[in-house]
Protein chains: 2
Amino acid sequence: MKKNITIYTIAEEAGVSAATVSRFLTGKAKVNESKRKRIDEIIKKYNYRPNAIARNLSNQATKTLGFIMPDVTAPFYGTVFLEAERVALEMGYSILLCNTMNDNVLTNTNVEMNYIDFILEKQVDGLIIMGGHIDNLRTAPEYLERINALTNQVPLVMINGEIRGLDCYNIRSDSKVGINQLVDYLVSLNHEKIAFIGGYMDIQPTMRRLEIIQESLARYGIGFNDKWFIEDDFSVQAGKDSMEKLLKMNDRPTAVICVNDMVAVGALHTAMKMGVKVPEEMSIAGFDNTYLTECVVPEITTVDLQPKKLAKTAIETMIKHLEGDMTDKKEIIIKTQLVLRDSCSIAR
Amino acid sequence: MKKNITIYTIAEEAGVSAATVSRFLTGKAKVNESKRKRIDEIIKKYNYRPNAIARNLSNQATKTLGFIMPDVTAPFYGTVFLEAERVALEMGYSILLCNTMNDNVLTNTNVEMNYIDFILEKQVDGLIIMGGHIDNLRTAPEYLERINALTNQVPLVMINGEIRGLDCYNIRSDSKVGINQLVDYLVSLNHEKIAFIGGYMDIQPTMRRLEIIQESLARYGIGFNDKWFIEDDFSVQAGKDSMEKLLKMNDRPTAVICVNDMVAVGALHTAMKMGVKVPEEMSIAGFDNTYLTECVVPEITTVDLQPKKLAKTAIETMIKHLEGDMTDKKEIIIKTQLVLRDSCSIAR
DNA sequence: TTGTAGGCGTTATCAA
DNA sequence: TTGATAACGCCTACAA
């Protein structure tokens, strides 16, 4: 086994001490011009790279951020992650990603809890959580306890999470603006029979959106028919199934708001398959404004949650905190906005 | 600042030496039952977790694999990554993901090369590369040189890469079977005017697929009209643009094979927007078999590249290598297969 | 079965 | 400006 090349290797060949090589590497102290040059040469000769593990151990910091989410494969989460990675890298940090996929959002918190431990062992400097159990309105007590303890070990940023009274940063989107715009729009198109599909009752984005929709409709004196809330998960398949249920009803809604774009795409899929014309016979809207909305015809009208802005804010908030630039602004709201496309038209 | 809890903290309180605690932790040597118990208690009391960084430094291994790819957000890549993460975790490894997004596939190799350095500094035990410059048929010499050097530092697994004569493992999908099936199918539907859209000429998956399509058509004595190869990138937008070009031609093809599902979805989008019925007036097929194909109507007929199998094989191959279970099978072929859905029908 | 001591590759403190 | 030297937290001979 070839011996590793270390600062000692470099130091020896350059005729200096390891400390000097280290200083050269970090640039935190001056080193004589001639030695500089020699060190530089040897480093290039060996194509030497400092060992980040050793560096981390010594520095007591890894310059890496843990990021826990359900599934990068979902366009919204994926977009957030990618932007987070980009911004982090730009600021000199890297991201350790964990997908908790297998967890059942409503019950089993094991995967996520294991991941938290796992990620802490890796000594991340900060932890970012998006989706999963932090969205759960009835959080399991042991999970709550764990996440509370967490808060003392490492700074935490939650994206669109729901847990109250937790000492962490919250980056959340204010759905209200976007939803009001959406409801205004639908009402202006004469819709009064509006459904809401996808998502679990116990999950925050679901209930929050549903409530705001109801409030928003109430401004027009329009009631929400509970039969038209179809509970399911957040997948394309959920959209397909839920729309099918809706279409089998005697009293159909004229417009369907979906808990996210994936569900909207699924809903559109079923409508088309069952010969229901969108938007002529049925209007459909989504949430998130992911690229999916522009994949289908008609393109889907949606509420933009600004995933990139969420990501950027989350990373910047975390790094500011880590670098001592404290704020006491623990909560940051990102505005949402309606994006008009082709999937809604006048009710008939 | 609170002092960190280390094996010494535990050792002291348990009245044993740090070595014993370490042995308890690794389980690699026996430790007396009564001490076992005491150690265990203290560990729980403090909620102690071993510091992975220190462990890695000592072990000279990180149990993490670097994974370099262009963009997790693309469904195919995302699927591969997710499965890779799952399998790796199951085998006790974690994955450090890097998205090279910003690189221009054809020219600038900087982002990817920087990432390689970056990832090596983190002392990953192995490196997996999928997409990006390894697909480039005219690889930049300095990139080749770099990647060759790489090969001496860390085991390398390439997924569907093209670089020949490199000492690494290759997991690649054999497109031939799937493409032959696709061509057989299209010909059986009376298609003779078949286009191919998306992808760059200089990129392996593009050319490989195109060549095989041509060969496959040749079996039927059908020629390929070069005008119907529209070069573009691999995005939904590419599909939209390319289809538009195709539809503006006087002599239109009756079927379009797309370099991947995203392009296929884009192509379908344009066809529908321009009032061309799919599949009645135009058949469309894709590659990859991602979930996108089932989002749209008609659902898209595609060649399944088995992303999960690619991922699993890649990870298993890597870990087998790392754990000394060497094989000399440096190349593993994953079969592809045609998946029939609704986007193709008889030519007219 | 247990403890001592040295090493993993860097950084940082303290003299010089 | 430089060089010893002691951390950082864990693992593993080696000796007991």
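A note on names: the letters A, B, ... follow the listed sequences, proteins ahead of strands, and every chain is numbered from 1.
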Between atom [atom1] in [X] and atom [atom2] in [N], what is the gap in whole Å?
| X | N | atom1 | atom2 | result |
| --- | --- | --- | --- | --- |
| Leu25(B) | dT12(D) | CG | P | 11 Å |
| Arg23(A) | dA12(C) | CZ | C1' | 9 Å |
| Glu33(B) | dT2(C) | CD | C1' | 16 Å |
| Ile53(B) | dG7(C) | CD1 | C1' | 18 Å |
| Lys63(B) | dC10(D) | NZ | P | 18 Å |

Kindly say if [X] contacts the phosphate of [N], meaning a side-chain N or O under 4.0 Å from OP1 or OP2.
| X | N | value |
| --- | --- | --- |
| Gln60(A) | dA7(D) | no |
| Arg55(A) | dG9(C) | no |
| Ser22(B) | dC11(D) | yes |
| Lys35(A) | dT1(D) | no |
| Lys28(A) | dA12(C) | yes |
| Asn4(B) | dG9(D) | yes |

CA sep, side-chain torsions, deciding dist, call: Ile95(A), Ile315(A), side chain to side chain contact (heavy atoms under 4.5 Å, CB included): CA-CA 10 Å; Ile95(A) 291 191; Ile315(A) 298 296; 4.0 Å; yes
So which nucleotide from [options] ends up closest to the side chain of [X]?
| X | options | result |
| --- | --- | --- |
| Ile7(A) | dA12(C), dT1(D), dT10(C) | dT10(C) |
| Tyr8(A) | dC10(D), dT10(C), dG3(C) | dT10(C) |
| Ala54(A) | dT1(C), dG3(C), dG9(C) | dG9(C) |

Whether the side chain of [X] engages the backbone of [Y] through a donor-acceptor N/O pair (distance < 3.5 Å, no angle test) should be reported.
| X | Y | answer |
| --- | --- | --- |
| Ser58(A) | Arg55(A) | no |
| Asn51(A) | Ile53(A) | yes |
| Glu112(A) | Gly132(A) | no |
| Arg23(B) | Ala29(B) | no |

Look at all strands and tell whether Val21(B) reaches a base, only sugar-phosphate, or nothing, counting heavy atoms closer than 4.0 Å. nothing
Over all strands shown, is Tyr48(B) touching base, sugar-phosphate only, or nothing at heavy-atom distances under 4.0 angstrom? sugar-phosphate
Counting only distance, no hydrogens or angles, is the base of dG7(C) paired donor-acceptor with the side chain of Ser58(B) under 3.5 Å? yes
Can you tell me if Ser94(B) and Lys122(A) form a side-chain donor-acceptor pair at under 3.5 Å? yes
Using a heavy-atom distance cut-off of less than 4.0 Å, which residues of residues 36-44 of chain B contact DNA chain C? none
Glu41(B)/Lys44(B) ion pair, N-O < 4.0 Å: no
